Protein chains: 2
Amino acid sequence: MFFEGSEKKLEIIVNASAPKLRSLDRTFWVGLVAASNADILSSISNEYCDAYLLSESSLFVWDDRLVMLTCGTSSLVESACYCIERLGEQAIAYVCYQRKNEYYAHLQASSFGDDVLRLRHFIAGQAHRMGHLDSHHHYTFTTDKEYQASRFDTTNELLMYHISGPIADYLRGDQQSMVQIGLMLQLEQLFNGFSIDQYLFSPLGYSINGIRGCEYFTIHITPQENSSYVSVETNIDLTTTQVDIFAELVRLLQPNSCDIIGFNSNIANKQFLKYLCLSQCAMTIEQGFNIHFSHYQQDCLEVLNPTLL
Amino acid sequence: MFFEGSEKKLEIIVNASAPKLRSLDRTFWVGLVAASNADILSSISNEYCDAYLLSESSLFVWDDRLVMLTCGTSSLVESACYCIERLGEQAIAYVCYQRKNEYYAHLQASSFGDDVLRLRHFIAGQAHRMGHLDSHHHYTFTTDKEYQASRFDTTNELLMYHISGPIADYLRGDQQSMVQIGLMLQLEQLFNGFSIDQYLFSPLGYSINGIRGCEYFTIHITPQENSSYVSVETNIDLTTTQVDIFAELVRLLQPNSCDIIGFNSNIANKQFLKYLCLSQCAMTIEQGFNIHFSHYQQDCLEVLNPTLL
C-alpha cells in the first residue's frame, strides 16, 4: 500500500523573446509529461493558464512560465532537461528544481545529487539543502542566469505528513466521493471562485487543480496509513485572504508534522496551535527570491505502534 | 566529508549445544568481518569477552553470543548470513538484526527490506519498524525460534544526531588526541574499571570499546559538520550507576536530536533537560525482549543556514 506522495517540483520561466509557452502544441506537453513517466489525465484552461491534472500530480502553464509537480518515483528532472533542450538554453530565464523530503529515498530513480549532475549538463546553477539531513529537509537547484523576480512573485507550499482524525479516516475508507472530499476540506470557502479539475485515484488518492485568473492552487492527497502525505501549493497571497488557509487545512487534516516553504512569502514564521516550529532556514538568491523553510511538529508525545513489515 | 555514522547491528545467540564462539579460530572472525567489507584493527580480551575494534565500528564475542555493529555503507547482513550458514541454522538460538535511521539511505548497498529478504533465505523471522518514516525510525528483524531471554539481558543504545558545543568543535578540529577525547567525555568516570581499546580515524572519527567482566560499552563518533552522529551502546544496567551516563553524554555532546533504544531496559521514558520526547514506540517479542524506542529533539527553534551542495 506504500505510495511516495512527496513531490519533486519544477518551475521554468522563459525570456520575453521566447515563444509563448501556451502556443506550443500538445505534443510538446505530452512529451514533457512522458519524460517524467507520467500521463495527462485532464485539463482546464482560462485566459491566463492551462492546468493539467497528471497521473502523478500537476502541470500549470502560463505564457511565460510553467510549474510542474510529480510524485511517486517519477523522473521530473528528465522533464526539466526535455524542456531546456527543446526550448534552447537561451530561451530560459530561470529554473528552480525542488525535491522535498521523501519517505523512501532509496526507492527513487535518482538522488537529488544525481539530478543536479544531470541538470548541469543543460544549464548552470546552484544547489542547496535547507534543513537537517536526519529530519525534514528540502533541496533546491536554481539557475545562475541574470533574472529578477518581482517581489510579488510568491509561492506557498504546505506539506503535511501523517494526517489523522475524521477526514484522514474518510480519505482512507472504502467509499469516497470528490464532492464529499471537497466539502470536508471546505475547498469552496478556502479557494473561492476557482475553476477546478479533480481526480479520485484507485484504490486511494485525490488530486485537485484550481485556477482563477493567473492564480492557481493544487492539492494532492496520499492518505495511506503509515505513509500519508498531503501537499498544498498556491501562488495566491496568503496574507490577504479572509480565512487563514494553511492553518485551516492543518486543523482539518491534523498532521503529525508539516513543513511550510515560501517563495517571497512572509508566512514562514507562522504559528500553528499545538505545533512547535523545530527548525527554520531561509536564503535569498540573486534572482530575487527569498526562500523560507520551516519544519513543524505536533507539540505532544506520540505513542506509536510498531509496524510489522 | 560525508560519512554515514549510523550503524547496522547484529546480535546472535547460539544454543548450549553449539561450539563456544570464543573457541572458533581467528579465520572465522576475519571472514565474518570481511563479509561486511570491514577489517579488524585491534582487539582486547578478558575472561568472558573478546572485543574487536573494526574499521567500521565493533564486534564483541562471548561464548554464547556476538554483538556486531558496522557503520558507513558496510553490508552487515552478509555477516549475519555468513555466521548462520557456517554455524548451521540449528546452532542458532536467536538473531536480532537492527538498522538505525540513516542520513543518506539511498547510498546504502541495500535497504532494510532487501536485508530481510536475504536473511529469510537463512532463517525465519519477523521484521518491524519503530517510529514514523519521515522522522527517526528504527528497524528490527528478530527470529521466530523458541528462545527465552533473561529479563536481565539488557542493552541500552543512545544515538545522537548533530552534536554541538565545545566538545563537538574539538572533535571536528585539526588536532585531537585520544587522551583528550577521553577526558572531555569523562569516560573514566562514566565507565569506571573498563579495559579499553580505542582508535582515532583520519581525517575524523573516533571509536572506543570497553569491557569489564561480561559487560561492554562502545562509542563511535562521526563528528563531520552537517552530518555528525555519535552512538553509545552498553549492556550495563544504567539504572544502578551513580552517574546518569546517557544524560551526561547528551549534556556534553549537545545533539540537536537523539534516540534511545532499550532492550529489557527501563530507561525508555527518560527525561532530558531541554529535550522533548516527540515519539515513543514499544513492543515485546515472544523471545523475552521488551524493545523500546524513544525519539528526542531539542526543545527550541533551531535556525539553520542553507547548505551549499
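None of these values were measured; they are calculated from a predicted model. Order of the sequence lines fixes the chain letters, A, B, ..., with proteins taken first and strands second; residue numbering starts at 1 for each chain.
Listed options A:Gln298, A:Met283, A:His136 were ranked by heavy-atom pairs under 4.5 angstrom with chain B; first place goes to A:His136. The residue among B:His295, B:Arg129, B:His137, B:Met130 with the most heavy atom pairs within less than 4.5 Å of chain A is B:Arg129.
Residues of residues 156-165 of chain A having a heavy atom under 4.5 Å from any heavy atom of chain B, listed by number: A:Tyr161, A:His162. Contacts with chain B (heavy atom to heavy atom, under 4.5 Å) involve these residues of residues 138-147 of chain A, listed by number: A:Tyr139.
Applying the salt bridge (Lys or Arg N to Asp or Glu O under 4.0 Å) criterion to A:Asp134, with sequence neighbours excluded, gives no partner residue.
Under a cut-off of 6.0 angstrom, the local environment of CD in A:Glu286 is sparse, with at most 12 non-hydrogen atoms contributed by other residues, nucleotides or ligands.
Side-chain N/O atoms of B:Ser294 and B:His292 include no donor and acceptor closer than 3.5 Å. A donor atom on one side chain and an acceptor atom on the other are not found under 3.5 Å apart for B:Ser74 and B:Asn37. Side chain to side chain, B:Asn264 and B:Thr154 fail the donor-acceptor criterion of an N or O pair below 3.5 Å.
Looking at B:Asn226, the atoms closer than 4.5 Å to chain A (heavy atoms on both sides) sit in the backbone and in the side chain alike. Only the side chain of B:Leu276 comes within less than 4.5 Å of a heavy atom of chain A; its backbone N, CA, C and O stay farther away.
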Problem - Trace of the ring-ring contact (aromatic ring centres under 6.0 Å, His included) decision for B:Tyr94 with B:Phe289 - result: CA-CA 11 Å; B:Tyr94 171 75; B:Phe289 287 106; 5.0 Å; yes

Practice task
Take A:Ser231 and A:Glu7 through the side-chain hydrogen bond (donor to acceptor under 3.5 Å, both in side chains) test and state the conclusion after the steps.
Solution key: CA-CA 8 Å; A:Ser231 71; A:Glu7 290 100 356; 2.6 Å; yes

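In this structure, B:Tyr104 and B:His106 have perpendicular ring planes: the angle between them is above 60°, well past the 30° mark.
For the atom pair CD (B:Gln98) and CG (B:Leu10), the distance works out to 9.5 Å, reported to the nearest 0.5 Å.
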Side-chain donor-acceptor distances from residues 110-118 of chain A under 3.5 Å, at least two apart:
| residue | atom | partner | partner atom | Å |
| --- | --- | --- | --- | --- |
| A:Ser110 | OG | A:Asp115 | OD1 | 2.5 |
| A:Ser111 | OG | A:Gly113 | N | 3.4 |
| A:Ser111 | OG | A:Asp114 | N | 3.1 |
| A:Ser111 | OG | A:Asp114 | OD1 | 3.4 |
| A:Ser111 | OG | A:Asp114 | OD2 | 3.1 |
| A:Asp114 | OD2 | A:Ser111 | N | 2.9 |
| A:Asp115 | OD2 | A:Tyr97 | OH | 2.6 |
| A:Asp115 | OD2 | A:Arg99 | NH1 | 2.8 |
| A:Arg118 | NE | A:Glu78 | OE1 | 3.3 |
| A:Arg118 | NE | A:Glu78 | OE2 | 2.7 |
| A:Arg118 | NH2 | A:Glu78 | OE1 | 2.8 |

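For the pair A:Ser6 (side chain) and A:Asn101 (backbone), a donor-acceptor distance under 3.5 Å is present.
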